[in-house]
Amino acid sequence: METKRASVVFVFLMVLTTVQCELLMPKYSTKTSYDLSFNKSNILKRELSWQQLAKEFSPELQTCNPIGLYVVYRHGSRYPSEKDIKKFNLFLERARNESINPEFEYLQNDTDLEIPVNLHHKLSESGKLEMNHIAKRMKKRFADLFQDQLLTNYAFQSSNLSRTIDSTISFIQGFVDDETNCSSALTEDELLVTCQKSSSSMRETVVVPLHNKTSDYLLRFFDAYEDCLKEQVDSDEGEELESTRTDQMREDAKFVEGKEVAGMQLRLSQKLSVPGAREKFNISRDEAIDVAKMCGYQLALFNHSGWCSLLSDEDLRIFEYKQDLKHYWKRGYGHRVNYLVGCNLVRDIASYFGQLTTGLADTPKGVFKFAHAETIVPLECLMGLYKDKRPLTATSYQDNHSRLFRTSWMTPFAANIAFVLFNCSSEADDTNALTKYKLQVFMNEIPVDLPFCRSGPCDLVEFSTHIREVTGECNFNNTCCFENCGGARCMPFQFNEWTIFCISVAAVAFVAWMLILMIELRYSGAKYTVIKNH
């Protein structure tokens, strides 16, 4: 009996260890392909219906019904930036023209990354497939919401860049059935996607709004508020700190100058050097980081990579941490303003749920936004997800192997965060109380609990309260811009309930002051007349 019990414990510990090791396996930060960001157990869960997931993650939702969802997507796998393509090409050319270790000579014939510069930032074929498959799985998971097939029952929006526009088109093509073909046309501020079944003459056109990046306060707020973000001093308590946001963002640069990246540089130099040669293959620290980027891009674009064979798990952990530092301080928890600028997006989410619960006519069954990693990370932070107890710094690498803030699973290519609203009232319950609504969040198609909710799925009241608390008035004329922000970059002055209340109070106070003044003047005049008559 004791032997059997020990065996069970041993097997359990082995499984637990395997899962933990799999979770901590290094990836490629924001250059990780969508499928590679999953562990083996979660990749299978993507195929489950919401009812099957509720049984495992949120039993209280089993008697509920989904009534609407709001999803924010990052674009699918894309080609590298123009800057990265040029750097990769220079390094590849040097590797071909110098003697390298015969074991890795095959890399000199690797042409995958000889990418034409005009493809920079463009959505790849693998990225189109990612978005197409995500749409098919989502439609299958929430079949109740997508029975009628009419695109006009759903709302789409994209940032005005080719990679998000093409991601939207690929998603819509996956959203419709296989017998339907879609074509697209672009205007200055709209994407028009027209879909037609092969067996029908009926066409349906969906209009996808596009906004200039400097005025896209919903999906590219990091550009719209760029001047604010550059100048803002992190000041949680209203007191200016000695170092500005820009200074602290350089934690990733400090890390590159540290011993960890130096070790990575040395290992790559040794691997690429001809054995026994006096002169070692010269590779800089930045080039060592670029090799890891090349590895991630190759896997995302072509599903194979020769350059990955140069990198140990430790090298990839170092690269991943370096990239995480960059996003932590530039878009994440490093500074509150990094994610507070996303307040318009979370307010839009809350507004959509308000429309659903009040039964407002023409409210779409689903809202789908197509954006960027720089959109997803602040949104995750506003939800309190992946927050570590201590800040990530250049000197804390060894203490952060088990960190929560890991962009490889937070925002890989095609990352998505879905907010699904459930109605949990019984047929006999006709109350309109908000407590009957539950909100379940899915991060990359897997249910997650929001830390500010008491347990499991959020009450809509809890969610709405958190949104109000975390975003405040969402007026960046006061919160961010101060004197440092160019007027065109600032968010236009917004009228809301609080603004109207303040103006009303000021108006009443002004009228009262005028009345008092008039009474005093009249009294003073009367008193003067009496004195004069005496």
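Just so it is clear, the values below take in all heavy atoms, side chains as well, and ignore hydrogens, waters and symmetry mates.
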message = Show the nearest heavy-atom pair for residues Val207 and Leu192, with the distance to one decimal.
response = CG2-CD2, 3.7 Å
request  = Identify the heavy atoms of Asn212 and Thr214 that sit nearest to each other, and give their distance.
outcome  = OD1-OG1, 2.7 Å
query = What is the ring orientation for Phe413 with Tyr297, classed by angle as parallel under 30°, tilted 30 to 60°, or perpendicular over 60°?
reply = tilted
ask   = Do the ring planes of Tyr386 and Trp409 sit parallel (below 30°), tilted (30 to 60°) or perpendicular (above 60°)?
value = tilted
task = Check for a donor-acceptor pair, side chain of Asp459 on one end and backbone N or O of Val461 on the other, with a separation under 3.5 Å.
result = no
query = Do Gln157 and His211 come within less than 4.5 Å of each other through their side chains, counting heavy atoms only?
reply = yes
task = Inspect the surroundings of CG in Asp177 and state if more than 12 heavy atoms from other residues, nucleotides or ligands are less than 6.0 Å away.
result = yes
task = Taking the side chain as every heavy atom from C-beta outward, state whether Leu385 and Ile417 have any pair of such atoms under 4.5 Å apart.
result = yes
ask   = Which heavy atom in Ser305 sits nearest to a heavy atom in Gln298, and how many Å separate them?
value = OG-OE1, 2.6 Å
ask   = Will you find, in the side chains of Ser77 and Glu130, an N or O donor that is under 3.5 Å from an N or O acceptor?
value = yes
Residue pairs passing the side-chain hydrogen bond (donor to acceptor under 3.5 Å, both in side chains) test where at least one lies in residues 440-449, sequence neighbours excluded = Tyr34-Glu445, Ser58-Gln440, Arg137-Glu445
key: Within-4.5 Å side-chain heavy-atom neighbours: Asn153 and Gln147   = no
inquiry  = Below 30° counts as parallel, above 60° as perpendicular, anything between as tilted: where do the rings of Phe175 and Phe146 land?
reply    = perpendicular
inquiry  = For the backbone of Met131 and the side chain of His75, can you confirm whether one donor and one acceptor N or O come within less than 3.5 Å of each other?
reply    = no
ask   = So, the side chain of Arg163 versus the backbone of Gly127: is there a donor-acceptor pair under 3.5 Å, distance only?
value = no
key: Donor-acceptor contact present, side-chain Ser167 to main-chain Gly76, <3.5 Å   = yes
ask   = Taking Glu462 for the side chain and Arg454 for the main chain, is one N or O donor matched with an acceptor at less than 3.5 Å?
value = yes
task = State, yes or no, whether a side-chain contact exists between Leu301 and Asp112 at a heavy-atom distance under 4.5 Å.
result = no
inquiry  = Run Phe405 and Leu392 through side chain to side chain contact (heavy atoms under 4.5 Å, CB included) and show every step you take.
reply    = CA-CA 9 Å; Phe405 193 94; Leu392 307 188; 4.1 Å; yes
message = Taking salt bridge (Lys or Arg N to Asp or Glu O under 4.0 Å) as the cut-off, I'd like each qualifying pair that reaches into residues 47-71, sequence neighbours left out, listed once.
response = Lys45-Glu56
query = Between Phe463 and Phe353, what is the ring plane arrangement, given parallel below 30°, perpendicular above 60°, and tilted in between?
reply = perpendicular
task = Taking the side chain as every heavy atom from C-beta outward, state whether Met443 and Glu380 have any atom pair closer than 4.5 Å.
result = yes
message = Salt bridge or not between Lys122 and Asp166? Use side-chain N to carboxylate O under 4.0 Å.
response = no
query = Side chains of Ser351 and Asp348: do they bring a donor and an acceptor to under 3.5 Å?
reply = no
Donor-acceptor under 3.5 Å (Asp324 side chain, Ser29 main chain) = no
ask   = So which heavy atom on Leu450 is nearest to which on Met383, and how close?
value = CD2-CB, 3.9 Å
ask   = Which heavy atom in Asn160 sits nearest to a heavy atom in Glu188, and how many Å separate them?
value = ND2-O, 3.7 Å
query = Would you call Glu320 and Arg403 a salt bridge, taking side-chain N to carboxylate O under 4.0 Å as the test?
reply = yes
ask   = Between Leu123 and Ser162, is any pair of side-chain heavy atoms under 4.5 Å apart?
value = no
task = May I ask you to decide if Asn65's main-chain N or O and Asn423's side chain share a donor-acceptor pair within less than 3.5 Å?
result = no
query = With distance as the sole criterion, is a donor-acceptor pair present between the side chains of Ser183 and Thr194 under 3.5 Å?
reply = no
inquiry  = Do Asp35 and Ser33 pair up side chain to side chain, a donor and an acceptor below 3.5 Å, judged on atom types alone?
reply    = no
inquiry  = Is any side-chain heavy atom of Val377 closer than 4.5 Å to one of Tyr339?
reply    = no
Flag, side chain of Thr363 to backbone of Leu360, donor-acceptor distance under 3.5 Å = yes
query = Using 30° and 60° as the class limits, which term best fits the ring planes of Phe368 and Tyr154: parallel, tilted or perpendicular?
reply = tilted
key: Within 6.0 Å of CG in Asp189, more than 12 heavy atoms from elsewhere   = yes
task = Just say parallel, tilted or perpendicular for the rings of Phe156 and Phe171, cut-offs at 30° and 60°.
result = perpendicular
key: Flag for Arg220-His372: side-chain donor and acceptor within less than 3.5 Å   = yes
task = Take Thr32 and Thr30, measure what side chain to side chain contact (heavy atoms under 4.5 Å, CB included) needs, and give me the verdict at the end.
result = CA-CA 5 Å; Thr32 306; Thr30 56; over 6 Å; no
query = Taking the side chain from Arg46 and the backbone from Ile134, do they hold a donor-acceptor pair closer than 3.5 Å?
reply = no
ask   = Of the non-hydrogen atoms in Pro447 and Phe57, which two are nearest, and what is the gap between them?
value = CG-CD1, 3.7 Å
message = Strictly distance-based, threshold 3.5 Å: is any side-chain N or O of Ser126 a donor or acceptor partner for the main-chain N or O of Ala300?
response = yes
request  = With the side chain counted from C-beta on, respond yes when Leu61 and Lys438 share a heavy-atom pair under 4.5 Å apart, and no when they do not.
outcome  = yes
request  = Could you check Thr375 against Phe221 for side chain to side chain contact (heavy atoms under 4.5 Å, CB included), going step by step and ending with a plain yes or no?
outcome  = CA-CA 8 Å; Thr375 314; Phe221 43 79; 3.8 Å; yes
